[in-house]
Q: 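Pasting a structure here, questions to come.
When reading the values below, keep in mind they use all heavy atoms of this one structure, side chains included, and skip hydrogens, waters and symmetry mates.
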Amino acid sequence: QVQLVESGGGLVQAGGSLRLSCAASGRTFSMYTMGWFRQAPGKERELLAAISRSSRTTYYADTVKGRFTISRDNAENTGFLQMSSLKPEDTAVYYCAAALAGRGLNVTGMYEYWGQGTQVTVSS
């Protein structure tokens, strides 16, 4: 299996930016599709973005398209989520997730390995 640890969360004003990191250890990170999820209080966990093993294809939810950018550096076993133009409704716990196998990028059930989450709070 792969172990995932998120970092980079914190408090930011509306309109600001944060960069989240996902450090992977264990099995080779390049073997996994990677996704970023978030969960706000009282809401379901939602898939925000995903990236293929080779970085050649990406997926973005409509709510973050044009504001968030997903990337990965397989040589460093690290994934990233660059978040810009943040809004108060972006406040949530953000999770990195990985899938060893699956079809497509936005099949939520294929993500089986999860980090512990990092809190992002956007003030108005």
Side-chain angles (χ1 to χ4, degrees):
Q1 64 178 243
V2 63
Q3 293 79 47
L4 306 172
V5 179
E6 303 96 333
S7 62
L11 176 65
V12 64
Q13 290 186 331
S17 300
L18 284 174
R19 190 194 197 203
L20 305 183
S21 297
C22 175
S25 62
R27 300 183 71 180
T28 304
F29 185 52
S30 62
M31 298 172 62
Y32 297 87
T33 300
M34 185 189 73
W36 285 94
F37 292 73
R38 71 184 178 192
Q39 187 165 26
K43 295 185 178 180
E44 297 293 317
R45 188 171 296 187
E46 61 174 327
L47 175 64
L48 304 175
I51 188 167
S52 65
R53 296 168 176 84
S54 65
S55 297
R56 291 182 178 179
T57 57
T58 57
Y59 162 83
Y60 294 98
D62 288 342
T63 51
V64 305
K65 193 174 299 180
R67 299 190 298 123
F68 291 12
T69 302
I70 189 170
S71 62
R72 66 193 296 164
D73 186 341
N74 287 339
E76 297 293 333
N77 287 343
T78 305
F80 304 95
L81 185 68
Q82 177 67 49
M83 306 185 295
S84 300
S85 301
L86 285 163
K87 307 173 182 178
E89 52 262 46
D90 293 320
T91 296
V93 177
Y94 284 68
Y95 298 89
C96 178
L100 186 58
R103 302 182 69 86
L105 300 178
N106 63 340
V107 182
T108 58
M110 78 184 196
Y111 292 95
E112 298 181 327
Y113 304 96
W114 298 82
Q116 82 287 349
T118 186
Q119 177 71 44
V120 172
T121 302
V122 184
S123 62
S124 60

Q: Determine, using the 4.5 Å side-chain heavy-atom cutoff (strictly less than), whether Tyr59 and Met110 are members of one ILVMFWY cluster.
A: yes
Q: Residues in salt bridge (charged side-chain N to carboxylate O under 4.0 Å, His left out) with Arg19, at least two apart?
A: none
Q: Got a sec, which pairs hit disulfide (SG to SG under 2.5 Å) with one end in residues 17-71, sequence neighbours left out?
A: Cys22-Cys96
Q: Do Val2 and Met31 have side chains that approach each other closer than 4.5 Å (heavy atoms only, starting at C-beta)?
A: no
Q: With sequence neighbours left out, what residues match Thr121 under side chain to side chain donor-acceptor pair (under 3.5 Å)?
A: Gln119
Q: When Ile, Leu, Val, Met, Phe, Trp and Tyr are grouped by side-chain heavy atoms lying under 4.5 Å apart, directly or through other members, which residues fall in the same group as Leu11?
A: none
Q: Quick one, Ser52 and Leu105 - any side-chain contact, counting heavy atoms below 4.5 Å?
A: yes
Q: Going only through I, L, V, M, F, W and Y residues with side-chain contacts under 4.5 Å, is there a path from Val122 to Tyr94?
A: yes
Q: Please tell me if the side chains of Trp114 and Arg45 come closer than 4.5 Å, counting only heavy atoms from C-beta onward.
A: yes
Q: Give the cluster check for Ile51 versus Phe29: same hydrophobic cluster or not, with ILVMFWY residues linked at side-chain heavy-atom distances below 4.5 Å.
A: yes
Q: Which residues pass the salt bridge (charged side-chain N to carboxylate O under 4.0 Å, His left out) test with Lys65, not counting sequence neighbours?
A: Asp62
Q: Applying salt bridge (charged side-chain N to carboxylate O under 4.0 Å, His left out), name anything that partners Glu112, two or more places apart in sequence or on another chain.
A: none
Q: With a 3.5 Å distance limit and no angle check, can you tell me whether Gln116 reaches the backbone of Glu6 through a side-chain donor-acceptor pair?
A: yes
